[in-house]
Amino acid sequence: MTLNYRYWITFRLKQNATWNARYSALIAALNRIGSNFWNEPTSFVAFDSVHLIDAVANSLKTAIDPTTDILLLVLSDTEKCRYIGTPENLSAFKHQFPFAKKV
């Protein structure tokens, strides 16, 4: 039996000339590594994956631009968390997610 991990992400992709390509790349990355998606809210996706959190984070990082975008990945029911990009309010982010590790 294969173990599935439950993750969720929230993200903000900067609106610029490459937004559509980055969004499409992010969705393609999610489709490669995940299954059982719930994506009704804007900029939020919950999904299952057989991959460990660092492998998931690295796959998602290649899809976006860490210099302009931000993405938070959380392993549900744990304090395991990764983020890509730089939060504008880093102190508030670190307060809410003190266990987050930058990818």
Side-chain angles (χ1 to χ4, degrees):
M1 184 169 117
T2 304
L3 180 61
N4 276 323
Y5 301 97
R6 285 192 199 107
Y7 294 102
W8 60 263
I9 63 169
T10 186
F11 58 93
R12 186 210 62 224
L13 304 182
K14 183 174 182 175
Q15 290 281 346
N16 60 24
T18 62
W19 178 90
N20 194 46
R22 294 190 328 276
Y23 183 80
S24 294
L26 179 60
I27 298 306
L30 285 167
N31 284 323
R32 277 193 306 277
I33 60 172
S35 62
N36 298 321
F37 299 99
W38 181 67
N39 58 358
E40 292 176 27
T42 304
S43 303
F44 179 92
V45 180
F47 61 99
D48 292 346
S49 181
V50 297
H51 302 285
L52 297 175
I53 193 168
D54 289 324
V56 172
N58 286 322
S59 292
L60 298 177
K61 183 177 182 180
T62 63
I64 66 171
D65 181 353
T67 65
T68 61
D69 303 330
I70 186 159
L71 184 144
L72 175 65
L73 167 69
V74 176
L75 179 58
S76 297
D77 298 327
T78 75
E79 290 186 348
K80 292 183 180 179
C81 176
R82 303 293 184 266
Y83 69 101
I84 302 161
T86 303
E88 290 178 15
N89 188 340
L90 188 58
S91 63
F93 177 83
K94 289 288 192 172
H95 175 78
Q96 295 298 325
F97 301 98
F99 44 87
K101 294 180 183 176
K102 187 166 183 154
V103 177

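Because only heavy atoms are used, hydrogens play no part in the values below, and waters and symmetry mates are left out as well, while side chains stay in.
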Evaluate the side-chain hydrogen bond (donor to acceptor under 3.5 Å, both in side chains) criterion for residues Asn36 and Asp48: first the C-alpha distance (whole Å), next the side-chain angles of each, then the deciding distance (0.1 Å), finally the verdict.
CA-CA 6 Å; Asn36 298 321; Asp48 292 346; 2.9 Å; yes

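- The minimum heavy-atom distance linking Phe44 with Phe11 is given by the pair N-CE2, 4.0 Å.
- Applying the ring-ring contact (aromatic ring centres under 6.0 Å, His included) rule to pairs touching residues 49-86 yields Tyr83-Phe93, sequence neighbours excluded.
- The hydrophobic clustering, which links ILVMFWY residues whose side-chain heavy atoms are closer than 4.5 Å, places Trp38 and Tyr23 apart.
- With rounding to the nearest 0.5 Å, the separation of OG1 in Thr67 from CD1 in Ile84 is 12.5 Å.
- Here the closest non-hydrogen pair linking Ile64 and Pro66 is O-CD, 3.3 Å.
- Applying the salt bridge (Lys or Arg N to Asp or Glu O under 4.0 Å) rule to Glu79 yields no partners; only residues at least two apart in sequence or on another chain are considered.
- Hydrophobic clustering, with ILVMFWY side chains joined whenever heavy atoms are under 4.5 angstrom apart, keeps Phe99 apart from Leu75.
- Judged by distance alone, with hydrogens and angles left aside, the side-chain atoms of Thr62 form a donor-acceptor pair with the main-chain N or O of Ser59 at under 3.5 Å.
- Pairs of residues two or more places apart, or lying in two chains, that qualify as side chain to side chain donor-acceptor pair (under 3.5 Å) and include a residue from residues 94-103 are Thr86-Lys102.
- The shortest non-hydrogen separation linking Leu60 to Ala29 is CD2-CB, 4.1 Å.
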Apply side-chain hydrogen bond (donor to acceptor under 3.5 Å, both in side chains) to residues Asn89 and Ser91 and explain how you reach the verdict.
CA-CA 6 Å; Asn89 188 340; Ser91 63; 3.2 Å; yes

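- Val103 and Leu13 end up in the same hydrophobic cluster when Ile, Leu, Val, Met, Phe, Trp and Tyr side chains are linked at under 4.5 Å.
- Shortest non-hydrogen contact noted between Phe37 and Val45 is CD2-CG1, 3.8 Å.
- Taking Arg12 as the reference, Glu88 meet the salt bridge (Lys or Arg N to Asp or Glu O under 4.0 Å) condition, with sequence neighbours excluded.
- Taking the side chain as every heavy atom from C-beta outward, Asp65 and Lys14 never approach each other to under 4.5 Å.
- Residues Val50 and Tyr5 come closest through the heavy atom pair O-CE1, 3.7 Å.
- Leu52 and Val74 fall into different hydrophobic clusters, where Ile, Leu, Val, Met, Phe, Trp and Tyr side chains are chained together by heavy-atom contacts under 4.5 Å.
- A single hydrophobic cluster is seen to contain both Ile9 and Ile27, as judged by linkage of ILVMFWY side chains at heavy-atom distances under 4.5 Å, directly or through other members.
- Taking both residues in full, the closest heavy atoms of Ser49 and Ile33 are given as OG-O, 2.6 Å, listed atom of the first, atom of the second, then distance.
- For the ring pair (Phe, Tyr, Trp, His ring centres under 6.0 Å) test, residues two or more places apart in sequence or in another chain that qualify with Phe47 are Tyr7.
- For Asp69, the salt bridge (Lys or Arg N to Asp or Glu O under 4.0 Å) criterion is met by Arg22, not counting sequence neighbours.
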